[in-house]
Amino acid sequence: MAATAFELAPVIALLPFVSFLIALFGGEFARKMLPKGGALPGIAATGGSLLLSLWVMLTVAGGQSYHQNIVWVTGHETFNLHFGIFLDPLSAMMLVIVSLVAFLVHIFSLGYMNDEGETGLPRYYAGLGLFTFSMLAFVFSDNLLMAFMFFELVGLCSYLLIGFWFRNPGPASAAKKAFLVTRFGDYFFLIGVVAVFATFGTAQFAGDHSFVHAAEQALGEGGAGDVTTFFGLGPQAWFSVVGLLVLGGVVGKSAQFPLHTWLPDAMEGPTPVSALIHAATMVAAGVYLVARMYGFYALLPQVLAIIAFIGGFTALFAATMGVVKREIKQVLAYSTISQYGYMMLGLGAGGYVAATFHLMTHAFFKALLFLGAGSVIIAMHHNEDMWDMGGLKEKMPVTYWTFLSGSLALAGIVPFAGFWSKDEVLYEALIHGMGNPILLAAYAMGLLAVFFTGFYTFRMVFLTFHGEPRTDTARDPHGVGWNVKFPLVVLGVLAATAGLVNMTPVAELTGAHIEYLHTWLNGPVEATGAHHYEELVAGAYGEPGQISPLIPGAMSLALALAGAGLAWTLYNVPEPVEHTDKLGGAKTLLFNNYYQDEYQVWLASGLTLPLARAADKFDAGVIDGVVNGVSSVSLFGGNRVKRIQSGIVTNYALMLALGFVVLLLVIGFTGGWF
């Protein structure tokens, strides 16, 4: 049974790829004969991937792992490129998350895309299939090069799907922006991949022949071993440079400051695509990569501190912008940036399990919230402005109650999933940050972001569902079908219950063993690449502080309730007003996203472009001028000298005579040979 499950693991990714081929190359068959514009092959494929992923997870739960590779290019004895599959608790869990969300997104798309008479549906479902395939293959990749290839393919798919309505200027511009901003980070990632190969001779994630193991050996007793360092840096410093290079790609894909600006614009794409991007594919890819490489990053305390600070700052930075947005998907977009900041904070603070836990719970409640927003958008005839809504609670009870479940999870209200995972992230940052000012600053920013999260989340709920309808559309909303409600119900249940797998505060209080995710991620499978992360983190930060999780958990809950309570006071009224107008210039700053877009445009056009033009002039005028001048002189001289080669014997005799005369004159003037 175990061998069969592992042998079928490639099929998990291949099934969505087949659905992509059917939708893309089906031609007239796909457009006219396939039911629902090609949706059913995608639903069947992702459903099959989900079943196989569950089978793999059960097999891994039995204490087995799987590692198989096929050599692609062989160099000398210490270097080769290969494709490989690596299945361990982390990858098995992520396969289930991705395939489940993709399956539900495909079903939801039946109600969101097909019922509006949308054209180009085969292209849409082909994009979803390729997107799902890319992420699933990325998840079980066993080496950094293979991961990079699918990392880039994920970015291409996001470009295609964000720009699905490419005839409109907004989606086309948003797709280009997402592609270019994330490519900027990926340049660093590519250099990091090359650096890993140059340093270690391998890019394998786990095992005795992995770069993680080689780095551990190099930094342990006995020196650098067989690794190569550059630029006169020692192993610790050079490995930190390599880790930061790879981190560039992570910052871009997971929309962390300062490469976060593409994500809010990506809301121009179809809402089911937004759910897939935010919950289980593109944005999740960066955080998953750090978790996959955690055995390497845990060796580098300076890099861990940078990751934590970026995460904590991004969590607070994005949360402040979410409090003033008018469109429901915009609020959720900034929420995604903030929540992935928490995951980065957890990873940087030494909370490998905590960050992975939040990655799992966030996938469920954020997919739920985006699909719930899609249900509202259908009802509002694709109007996304929350100030045009209100009073939808009674008219859309299934959407309301499931959306409320996701909102409670997002805000971190006990006992919903987000409370347990976000609380554990903050707890890890606190206990590992004792005596570390950078970690403590990151923890403080993450804790403060909890208040803003509670506020903007319930501001969104009250403006959308409570009070009186504020427009005719809200008074008579469009109905939604089972294909919309079914995914909402499934995800609503998960948003309420998924956190029960790892209730650290309750385990502390009762002594009961209810930290199942810790047990799952830590064994008994060997060679996961992060098995002994606690020892590595202790080496980086020292032993964690002895603080009960009940106290920081209570603080986090109190701040979340305070934010939600403030939103209740201001917006849970029949006729709400925009109280954020009282912020004056601060609201303008927040509404314009701290002018990050303008700053990046200025950076590109006001600084980078003039420097590039100056460099081009220097290159053309000086570098090329010198080279072209030397070549011109050579050509001129050669053109003159070649005339000597006339082929006439008398000319050659004359030249010999003249040469002999010159030689005699030299001898005469110098008084002899010497």
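No experiment lies behind these values; they were computed from the predicted model shown.
Using bins of under 30°, 30° to 60° and over 60° for the plane-to-plane angle, the ring pair F200/F211 lands in the tilted bin.
A side-chain donor-acceptor contact under 3.5 Å links S254 to the backbone of V287. Listed for the Y342 side chain is a donor-acceptor partner under 3.5 Å among the backbone atoms of G446. The main-chain N or O of P552 is never found under 3.5 Å from a side-chain atom of S556 such that the two would form a donor-acceptor pair. A donor-acceptor pair is defined here as one N or O able to donate and one able to accept, closer than 3.5 Å; no such pair exists between the side chain of S158 and the backbone of I277. Although no hydrogens or angles enter the test, the distance criterion places no donor-acceptor pair under 3.5 Å between the side chain of H213 and the main chain of H209. A side-chain donor-acceptor contact under 3.5 Å links Y294 to the backbone of L347. Under the 3.5 Å distance criterion, the side-chain polar atoms of T314 are matched with a main-chain donor or acceptor of F257. The closest donor-acceptor contact from the side chain of K253 to the backbone of G185 lies at 3.5 Å or more, if one exists at all. The closest donor-acceptor contact from the side chain of Y427 to the backbone of I547 lies under 3.5 Å. Listed for the D142 side chain is no donor-acceptor partner under 3.5 Å among the backbone atoms of Q68.
For the pairing with F6, the ring-ring contact (aromatic ring centres under 6.0 Å, His included) check across Y66, W55, F140 returns one residue only, Y66.
Once rounded to the nearest 0.5 Å, the distance linking CG of L244 with CD1 of I306 reads 4.5 Å. Expressed to the nearest 0.5 Å, how far CD1 of I307 lies from CD1 of I438 amounts to 12.5 Å. One distance of note links CG of L345 with OG of S338; it measures 10.5 Å at 0.5 Å rounding. Rounded to the nearest 0.5 angstrom, Q204 CD and L145 CG are separated by 12.5 Å. One finds the OG atom of S109 at 9.5 Å from the CD1 atom of I107 (value rounded to the nearest 0.5 Å). Separation of atoms CE (M149) and CZ (F138) is listed at 13.0 Å; rounding is to 0.5 Å.
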Test side-chain contact (heavy atoms from CB on, under 4.5 Å) applied to H362 and S421, step by step | CA-CA 9 Å; H362 178 267; S421 57; over 6 Å; no
Can H358 and Q339 be said to form a side-chain hydrogen bond (donor to acceptor under 3.5 Å, both in side chains), step by step?
-> CA-CA 8 Å; H358 199 51; Q339 295 304 305; 2.9 Å; yes
Applying side-chain contact (heavy atoms from CB on, under 4.5 Å), run through Y352 and E428 and close with a yes or a no.
-> CA-CA 9 Å; Y352 165 72; E428 292 285 351; over 6 Å; no
Walk me through it: do W262 and T182 pass the test side-chain hydrogen bond (donor to acceptor under 3.5 Å, both in side chains)?
-> CA-CA 8 Å; W262 66 270; T182 55; 5.9 Å; no
Applying side-chain contact (heavy atoms from CB on, under 4.5 Å), run through Y288 and S91 and close with a yes or a no.
-> CA-CA 9 Å; Y288 176 79; S91 57; 3.5 Å; yes
Working for side-chain contact (heavy atoms from CB on, under 4.5 Å), residues M57 and W520 = CA-CA 10 Å; M57 176 179 269; W520 169 261; 3.6 Å; yes
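Ring-centre distance between F151 and F189: below the 6.0 Å cut-off. For F17 and F133, the ring centers are positioned less than 6.0 Å apart. Aromatic rings of Y340 and H260 (six-membered ring for Trp) have centroids beyond the 6.0 Å cut-off, not under it. Side-chain rings of F357 and Y516 stay apart, their centers remaining 6.0 Å or farther from each other.
Around the OH atom of Y159, the shell of radius 6.0 Å holds no more than 12 heavy atoms that belong to other residues, nucleotides or ligands. Heavy atoms from other residues, nucleotides or ligands lying under 6.0 Å from CZ of F230 number more than 12. Other residues, nucleotides and ligands contribute over 12 non-hydrogen atoms within 6.0 Å of the CZ atom of F148.
Across V60 and A92, no two heavy atoms sit closer than the pair CG2-CB, 4.1 Å. Considering all non-hydrogen atoms of both residues, S49 and I12 come closest at OG-O, 2.6 Å. In terms of heavy atoms, T356 sits closest to A291 at OG1-CB, 4.3 Å. Closest approach of A275 to A367, counting heavy atoms only: CB-O, 4.2 Å. Considering every non-hydrogen atom in both I85 and P10, the closest pair reads CD1-CG, 3.2 Å. Taking every heavy atom of both residues into account, A206 and H67 meet most closely at O-CE1, 4.1 Å.
With contacts defined as side-chain heavy-atom distances shorter than 4.5 Å, the pair F239/L299 does not qualify. Inter-residue side-chain proximity for L54 and L50 is flagged as met; some heavy-atom pair is nearer than 4.5 Å. Contact of the F486 side chain with the L104 side chain is registered, since non-hydrogen atoms from C-beta on lie closer than 4.5 Å. L15 places a side-chain heavy atom less than 4.5 Å from the side chain of L52. Annotation: side chain of E152 is in contact with side chain of D186 (closest heavy-atom distance under 4.5 Å). In this structure, the side chains of V193 and V246 stay at 4.5 Å or more apart for every pair of heavy atoms. The shortest side-chain heavy-atom distance between F131 and V98 does not fall under the 4.5 Å cut-off. Within the 4.5 Å cutoff, side-chain heavy atoms of M93 are placed close to those of L517.
Defined by atom type and a distance below 3.5 Å, a donor-acceptor pair is missing between the side-chain atoms of T361 and W420.
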